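Here is the structure we will look at, set down as structure tokens.
Computed from a prediction, not measured in an experiment: that's the story for all the values here. Every chain is numbered from 1 and lettered A, B, ... according to where its sequence line falls, protein lines coming before strand lines. Quick note: numbers below take in every heavy atom, side chains included, and nothing from hydrogens, waters or symmetry partners.
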Protein chains: 4
Amino acid sequence: MPKLGMEPVRREALVRATIAEIGEEGSLDVTVARIARRAGMSSALAHHYFGGKDQIFLAAMRRILSDFGAEARRELKAAPPQRRAEAIIRACFAPASFDPVTISAWMTFYVLAQSDDAALRLWRIYQRRLTSNLTHALRGRCRDPRQAAQVLVALIDGLYIRAALHEPDAPGRAIGHALRVLALLTEAPG
Amino acid sequence: MPKLGMEPVRREALVRATIAEIGEEGSLDVTVARIARRAGMSSALAHHYFGGKDQIFLAAMRRILSDFGAEARRELKAAPPQRRAEAIIRACFAPASFDPVTISAWMTFYVLAQSDDAALRLWRIYQRRLTSNLTHALRGRCRDPRQAAQVLVALIDGLYIRAALHEPDAPGRAIGHALRVLALLTEAPG
Amino acid sequence: MPKLGMEPVRREALVRATIAEIGEEGSLDVTVARIARRAGMSSALAHHYFGGKDQIFLAAMRRILSDFGAEARRELKAAPPQRRAEAIIRACFAPASFDPVTISAWMTFYVLAQSDDAALRLWRIYQRRLTSNLTHALRGRCRDPRQAAQVLVALIDGLYIRAALHEPDAPGRAIGHALRVLALLTEAPG
Amino acid sequence: MPKLGMEPVRREALVRATIAEIGEEGSLDVTVARIARRAGMSSALAHHYFGGKDQIFLAAMRRILSDFGAEARRELKAAPPQRRAEAIIRACFAPASFDPVTISAWMTFYVLAQSDDAALRLWRIYQRRLTSNLTHALRGRCRDPRQAAQVLVALIDGLYIRAALHEPDAPGRAIGHALRVLALLTEAPG
DNA sequence: AATGAATGAGGATTCATTCAT
DNA sequence: GATGAATGAATCCTCATTCAT
């Protein structure tokens with residue numbers, strides 16, 4: 001029962017399957033065949049739509065980053081101007097981005113960025129956007145907003161690692177840790 | 001003429017070669033053959049000494065963690081009791097553990113811990129020791145030493161990620177960021 | 001709105017595209033998809049019209065041989081009876097059959113004839129016709145017309161090889177070589 | 001029963017198997033697995049020793065050309081100076097180079113040279129050497145030795161094609177044709 | 001008539017691992 | 001102790017071909 005316009009459907013299915021497979025496996029040692037089977041198609045079709053394994057991975061990474069971006073925008077809109085930094089942090093730990101499989105895939109892509117230039121570029125874009133958003137949000141609330149933003153971004157990543165490695169207390173406390181440091185950074189006398 | 005006592009020498013060479021190879025490559029996609037060649041021996045011998053690729057990786061991870069532990073103990077001994085937390089942080093960013101190849105290998109092992117139980121166990125031991133040391137060092141300097149320690153450990157990991165991905169400013173500012181947050185955590189009123 | 005009488009147009013386009021593709025590539029490692037794209041249609045349609053890759057190749061080979069035959073007939077008509085052998089040779093090296101892409105495809109089909117019976121049959125028909133034409137044309141001009149014809153046919157093929165492999169001087173001198181040998185064969189005393 | 005110094009043995013076996021396989025098949029559509037099986041080893045070992053399919057093919061082509069060269073040198077040594085051209089021709093059609101499988105492989109490599117630069121280089125070297133040897137051998141025996149050599153080389157290639165395509169009379173008459181043209185070229189008045 | 005969708009089969013290549021010497 | 005030899009298993013990728021619309 002082949003229909004027209006399957007391309008976006010198939011691509012979406014493959015991206016989802018890739019994130020799930022990598023997240024479950026906890027590494028990039030995932031075969032195209034497995035991803036394709038999970039997505040309900042032959043591996044040949046996966047190649048047809050993406051051109052190669054690397055590009056499947058990239059698309060999955062892009063998806064994770066853009067999912068996060070959407071979440072962040074949503075939170076930002078709902079937040080009063082003076083609580084924007086908190087909103088961003090909350091977005092980072094929103095349930096959607098914070099389920100174990102997604103986090104695991106996320107971490108894996110971080111490492112991919114060490115050896116794959118395209119992945120590194122994606123990561124840099126995401127980093128810069130996050131840092132820049134946080135810097136803006138902190139303007140007027142502390143002496144060196146840019147520095148504070150960098151600290152928070154690094155802290156968020158660090159908290160992710162713990163979550164990815166299933167530290168039992170991590171998911172629950174992560175947001176608390178981050179908000180507490182934010183408070184310290186903004187309450188500093190000055 | 002077979003030399004006696006070559007075993008420790010060979011193992012050491014292999015462990016070093018593994019770290020270097022993984023660090024350079026930025027991933028675990030490293031062949032036993034390459035590691036062995038870099039260590040100056042045949043891949044068959046590498047298997048003979050370690051039994052398999054996984055165990056070579058584990059040994060390398062163990063080595064990175066123990067190198068760090070040694071550095072930390074050294075700094076701790078030289079530090080006055082009330083500056084122990086600073087000493088630990090400084091140890092984390094000591095040149096020996098902070099050269100790009102080591103950091104890259106370190107990050108890679110983090111991801112390995114997602115899929116390899118033995119690696120995860122190693123990581124947990126290291127994490128607990130570090131957190132516990134920091135907690136002790138912070139006792140009396142802030143209201144919730146354990147919580148502060150967890151924040152600092154996560155922050156350190158996050159700063160590592162940036163360094164592993166060659167963020168230009170990362171290596172230089174990492175230690176500054178960490179010490180600044182430490183200051184905030186301990187200066188907090190109360 | 002499906003057009004009527006498209007079949008011959010489509011087949012023609014595919015045959016042309018096949019020759020061009022094989023000629024450019026210099027081998028039979030040419031995909032049906034590429035041929036079809038060059039001919040401006042889907043690969044499924046190419047199959048529909050020809051039934052399979054082999055038959056596309058055969059049709060292309062047939063076309064090359066028949067193009068040559070047409071050229072030969074044209075030259076023969078314009079030649080005086082005692083210059084028919086020269087006319088045949090000139091037809092072999094006529095610009096239409098002697099452009100690089102055509103020659104390259106021609107050579108490739110020679111090799112196809114080694115493994116494909118249908119291609120071999122085509123080749124044999126062409127060979128026999130050419131040899132027979134030359135034999136007739138040489139009757140009365142040398143002692144053993146059949147033998148002389150065989151020599152000339154072989155020589156022509158050999159000159160084609162050099163042209164197919166881009167020997168710099170080949171295209172220019174080929175016809176000269178062939179005519180010179182023809183002269184020797186017919187001037188021989190007796 | 002693994003021994004030392006197997007490399008040359010294995011390479012030799014693979015080269016022989018490649019020529020045989022290509023010759024029988026009549027095309028380059030030959031799998032490494034088949035070649036390796038015929039040579040009595042796994043395909044992995046074939047890759048280990050040659051690095052890839054292309055290089056196996058190249059080695060086989062090199063072998064065919066060098067076999068021919070050896071034959072030519074042998075014939076040349078045994079020939080009186082004024083009969084050197086005949087000796088070269090005879091070498092070209094020596095039984096060793098003229099068995100069907102070798103000829104078929106030879107033809108196939110000609111076509112490979114259309115798309116593979118390394119193969120083309122090999123072919124050019126062989127062509128130049130043959131042409132140059134023939135030119136020397138013809139010096140003093142005809143007015144334009146270089147031109148005569150070019151004609152003979154092309155003729156030899158053309159006669160090969162017929163043999164590769166199993167023209168029934170080809171093998172037997174080829175040498176006769178070539179020698180006859182040689183005679184014409186050298187007997188020409190002047 | 002025409003095509004996008006889909007796949008099965010097959011091939012090159014890589015690599016951890018084993019074994020005889 | 002040490003190694004060259006050897007391989008089986010696995011993986012990415014390609015492509016001719018089929019099918020429903």
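- To the nearest angstrom, P of F/dT3 lies 17 Å from CD of D/E7.
- Residue C/F50 contributes atom CZ, which lies 16 Å from atom C1' of E/dA1 at whole-angstrom precision.
- Projected onto DNA chain E by closest heavy-atom contact, A/L45 and B/T31 fall at different nucleotides, the more 5' of which corresponds to A/L45.
- For B/R11, the CZ atom is densely surrounded, since the number of other residues' heavy atoms within 6.0 Å is greater than 12.
- Closest contact between the side chain of D/A44 and the listed nucleotides F/dT7, E/dG4, F/dT17 involves F/dT7.
- Taking atom CG on C/L14 and atom P on E/dA2, their separation rounds to 11 Å, with Å as the unit.
- Set against F/dC12, E/dA6, F/dA6, the side chain of A/M6 has E/dA6 as its closest nucleotide.
- Side-chain contact check for B/F109 versus B/I22: some heavy-atom pair is nearer than 4.5 Å.
- In this structure, A/L28 places its CG atom 20 Å from P of F/dA10, rounding to the nearest Å.
- Nucleotide F/dA5 has E/dT18 as its partner under the Watson-Crick or G-U criteria, with both atom distances under 3.5 Å.
- Electrostatic pairing of D/D116 and D/K53 does not count as a salt bridge here, judged by no charged N lying under 4.0 Å from a carboxylate O.
- More than 12 heavy atoms of other shown residues, nucleotides or ligands fall within 6.0 angstrom of atom CZ in A/R124.
- Taking atom CZ on C/R37 and atom P on E/dA2, their separation rounds to 18 Å, with Å as the unit.
- Between B/R11 atom CZ and F/dG1 atom C1' the separation is 15 Å, expressed in whole Å.
- Residue order along DNA chain E, read from the 5' end via each residue's closest nucleotide, puts D/H47 first among B/V32 and D/H47.
- Using the Watson-Crick or G-U wobble rule with both distances under 3.5 Å, E/dA1 pairs with nothing in any strand shown.
- With respect to the salt-bridge test (charged N to carboxylate O, under 4.0 angstrom), the residues D/E24 and D/R38 qualify.
- Contact check, A/Y49 against E/dG4: no side-chain N or O comes under 4.0 Å of OP1 or OP2.
- Closest approach to the B/S42 side chain among E/dA16, F/dT3, F/dA5 is made by F/dT3 (side chain taken as heavy atoms from C-beta onward).
- For the pair D/R10 and F/dA6, the criterion of a side-chain N or O lying under 4.0 Å from OP1 or OP2 is met.
- A salt bridge links D/E12 to D/R63: at least one charged side-chain nitrogen sits closer than 4.0 Å to a carboxylate oxygen.
- The CZ atom of A/F57 sits 12 Å away from the P atom of F/dT11 (whole-angstrom rounding).
- Taking atom CG on A/L4 and atom P on F/dC19, their separation rounds to 19 Å, with Å as the unit.
- D/V9 comes within 4.0 angstrom of nothing in the nucleic acid, heavy atoms only.
- As the counterpart of E/dA12, F/dT11 is assigned, both hydrogen-bonding distances of the Watson-Crick or G-U wobble pattern falling under 3.5 Å.
- Distances shorter than 4.0 Å separate some side-chain N or O of C/H48 from OP1 or OP2 on E/dA1.
- Between B/G40 and C/G51, it is B/G40 whose nearest contact on DNA chain F lies nearer the 5' terminus.
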